[in-house]
A.B. asks: 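Here it is, the structure, as structure tokens.
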Amino acid sequence: TMSMTGNENTTSGLTDLAVLGKFGVYRKNTRNMILALAATVALKMPTGAEDISTDTWDWQAGIYGSWRSGRWGNDLNLTYTWNDFTSRAPSGITPGDVIGVDAAFSYQFSLGSSGNTSLTPVLELNYRFSMANKSEGQEVGGDGSIFFVSPGLKFTYDSFIIEVLIQNPVNQTYQNVEQNRRGLVGFRYMF
């Protein structure tokens with residue numbers, strides 16, 4: 001739902017498709033802890049519903065760190081997103097690049113006696129800094145940032161994971177645009 005100058009417009013549908021690859025760089029397993037570092041690469045394609053899609057091809061590179069000790073888990077993800085790397089945005093305005101920092105804290109509860117099923121409450125802290133959009137090489141508007149506190153839940157069965165997260169914005173500095181609470185649902189298969 002978008003509100004502007006007293007008018008409100010509501011659109012619903014699926015957003016753009018994103019594909020992410022994660023490649024292990026370092027891993028250390030001991031009896032009491034696991035430490036891992038990985039590189040991530042993602043591509044977002046403009047496949048979303050009209051008025052929801054950004055209509056741009058974007059790619060992202062990042063570094064992911066993970067530490068586990070017993071049932072506790074901590075993750076840190078640093079990313080840089082190059083928006084509209086094809087320079088073919090239909091509007092003629094290239095969205096600004098984005099720097100992201102995500103930290104997650106979790107505690108895993110085992111379900112059943114087999115040990116392959118678990119339920120994990122999660123608390124994420126998400127920060128995004130967006131650089132100014134550009135049109136013909138000139139900045140349009142300004143940069144901005146947003147900080148989310150995001151509680152969630154992860155269900156794991158063997159190699160299949162379902163995650164649900166509610167992102168609550170607690171601080172944002174975007175000009176003329178305000179983001180509200182949003183929900184994220186993720187599906188993963190580990191192979």
Side-chain angles (χ1 to χ4, degrees), residues 14-45 47 54 56-83 85 95-131 145-172 179 181-191:
L14 294 176
T15 189
D16 297 334
L17 176 66
V19 178
L20 179 129
K22 184 173 158 184
F23 308 94
V25 174
Y26 174 81
R27 184 172 180 104
K28 181 176 182 178
N29 293 356
T30 70
R31 176 180 290 237
N32 298 319
M33 69 97 180
I34 298 171
L35 176 65
L37 292 174
T40 59
V41 177
L43 173 67
K44 186 196 64 66
M45 298 162 271
T47 57
T54 61
T56 62
W57 289 80
D58 311 326
W59 75 278
Q60 179 186 89
I63 188 83
Y64 174 84
S66 180
W67 175 75
R68 303 279 181 268
S69 179
R71 295 179 182 266
W72 290 98
N74 302 291
D75 301 294
L76 179 65
N77 194 22
L78 308 171
T79 59
Y80 189 94
T81 304
W82 286 269
N83 285 316
F85 67 87
D97 294 344
V98 178
I99 297 170
V101 179
D102 301 290
F105 309 94
S106 62
Y107 186 84
Q108 184 177 34
F109 294 96
S110 294
L111 302 176
S113 58
S114 64
N116 66 346
T117 307
S118 66
L119 193 60
T120 307
V122 177
L123 178 64
E124 283 193 14
L125 306 175
N126 315 100
Y127 174 78
R128 297 285 175 276
F129 175 78
S130 299
M131 297 170 201
S145 64
I146 189 164
F147 178 68
F148 291 99
V149 174
S150 311
L153 199 58
K154 178 171 77 170
F155 174 77
T156 304
Y157 177 74
D158 282 335
S159 296
F160 184 70
I161 299 171
I162 299 174
E163 299 172 294
V164 177
L165 196 69
I166 304 297
Q167 291 190 309
N168 300 292
V170 294
N171 186 19
Q172 50 189 313
Q179 293 193 27
R181 177 180 298 142
R182 61 188 182 189
L184 299 174
V185 177
F187 303 92
R188 285 191 282 165
Y189 181 76
M190 312 288 275
F191 57 91

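Just so it is clear, the structure is predicted and the values come from calculations on it, not from any experiment.
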A.B. asks: Looking at residues at least two apart in the chain, or sitting in another chain, which of them share a salt bridge (charged side-chain N to carboxylate O under 4.0 Å, His left out) with D58?
C.D. replies: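 Checked D58 against salt bridge (charged side-chain N to carboxylate O under 4.0 Å, His left out); matches are K44.
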A.B. asks: Assess the residue pair T30 and L35 against the criterion (side-chain contact (heavy atoms from CB on, under 4.5 Å)); give the C-alpha distance rounded to whole Å, side-chain angles, the decisive distance to 0.1 Å, and a yes or no.
C.D. replies: CA-CA 9 Å; T30 70; L35 176 65; over 6 Å; no
A.B. asks: Walk me through it: do F187 and Y189 pass the test ring pair (Phe, Tyr, Trp, His ring centres under 6.0 Å)?
C.D. replies: CA-CA 7 Å; F187 303 92; Y189 181 76; over 10 Å; no
A.B. asks: Side-chain donor-acceptor pair under 3.5 Å between R128 and S130, yes or no?
C.D. replies: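 Absent: no donor and acceptor within the cut-off.
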A.B. asks: With a 3.5 Å distance limit and no angle check, can you tell me whether R68 reaches the backbone of G73 through a side-chain donor-acceptor pair?
C.D. replies: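 Not a single qualifying donor-acceptor pair exists.
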A.B. asks: Step by step, work out the side-chain contact (heavy atoms from CB on, under 4.5 Å) result for M45 and W57.
C.D. replies: CA-CA 5 Å; M45 298 162 271; W57 289 80; 3.1 Å; yes
A.B. asks: Before we go on, tell me: are the rings of Y127 and F129 under 6.0 Å apart, centre to centre?
C.D. replies: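 Ring centroids of Y127 and F129 are no less than 6.0 Å from each other.
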A.B. asks: I'd like to check V149 versus L123 (side-chain heavy atoms, cut-off strictly below 4.5 Å). Are they in contact?
C.D. replies: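 Side-chain contact under 4.5 Å: yes.
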A.B. asks: Looking at S150 and L165, what are the two nearest heavy atoms and their distance?
C.D. replies: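 Closest heavy-atom pair between S150 and L165: O-CD1, 3.5 Å.
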A.B. asks: Quick one: pull up CG in D75 and CD in E124 and give me the separation to the nearest 0.5 Å.
C.D. replies: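 Between atom CG of D75 and atom CD of E124 there are 8.0 Å.
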A.B. asks: Pick one: which of Q172, R181, R182 meets side chain to side chain contact (heavy atoms under 4.5 Å, CB included) with F148?
C.D. replies: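 Among Q172, R181, R182, the one meeting side chain to side chain contact (heavy atoms under 4.5 Å, CB included) with F148 is R182.
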A.B. asks: Can you find a heavy atom in the side chain of V101 that is under 4.5 Å from one in the side chain of L76?
C.D. replies: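 Yes. Closest side-chain heavy atoms under 4.5 Å.
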A.B. asks: Using every non-hydrogen atom in the two residues, find where N168 and P151 come nearest and quote the distance to one decimal.
C.D. replies: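 In terms of heavy atoms, the two residues are closest at ND2-CD, 3.5 Å.
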A.B. asks: Give the minimum heavy-atom separation between F109 and R71, together with the two atoms involved.
C.D. replies: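 Where F109 meets R71 most closely, the heavy atoms are CA-NH1, 3.8 Å.
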A.B. asks: Can you tell me how far CD1 of I63 sits from CG of L37, rounded to the nearest 0.5 angstrom?
C.D. replies: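 Rounded to the nearest 0.5 Å, the CG-CD1 separation comes out at 5.5 Å.
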A.B. asks: Rounded at 0.5 Å granularity, tell me how far CD in Q60 sits from CH2 in W82.
C.D. replies: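 Result: 9.0 Å between the selected atoms.
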A.B. asks: Going by the salt bridge (charged side-chain N to carboxylate O under 4.0 Å, His left out) test, which pairs reach into residues 153-164, not counting sequence neighbours?
C.D. replies: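 Non-adjacent pairs meeting salt bridge (charged side-chain N to carboxylate O under 4.0 Å, His left out): E163-R188.
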A.B. asks: Is the backbone N or O of S106 less than 3.5 Å from a side-chain atom of T120, with the two atoms forming a donor-acceptor pair by type?
C.D. replies: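 No; zero donor-acceptor contacts below 3.5 Å.
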A.B. asks: Is it the case that the side chain of N83 and the backbone of G96 share a donor-acceptor pair, with hydrogens and angles ignored and the cut-off at 3.5 Å?
C.D. replies: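 Yes: the side chain of N83 pairs with the backbone of G96.
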A.B. asks: Might you point out which heavy atoms bring I146 and P169 nearest each other, and give the distance in Å?
C.D. replies: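 It is CD1-CB, 4.0 Å.
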A.B. asks: Between V25 and Y64, does the side-chain contact (heavy atoms from CB on, under 4.5 Å) criterion hold? Intermediate values first, please.
C.D. replies: CA-CA 10 Å; V25 174; Y64 174 84; over 6 Å; no
A.B. asks: Please name all residues satisfying side-chain contact (heavy atoms from CB on, under 4.5 Å) with Y157, sequence neighbours left out, ordered by chain then number.
C.D. replies: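 By the side-chain contact (heavy atoms from CB on, under 4.5 Å) rule, Y157 matches N116, T117, F155.
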A.B. asks: Quick check for you: to the nearest 0.5 Å, what is the distance between S145 atom OG and N171 atom CG?
C.D. replies: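 So the OG of S145 and the CG of N171 are separated by 6.0 Å.
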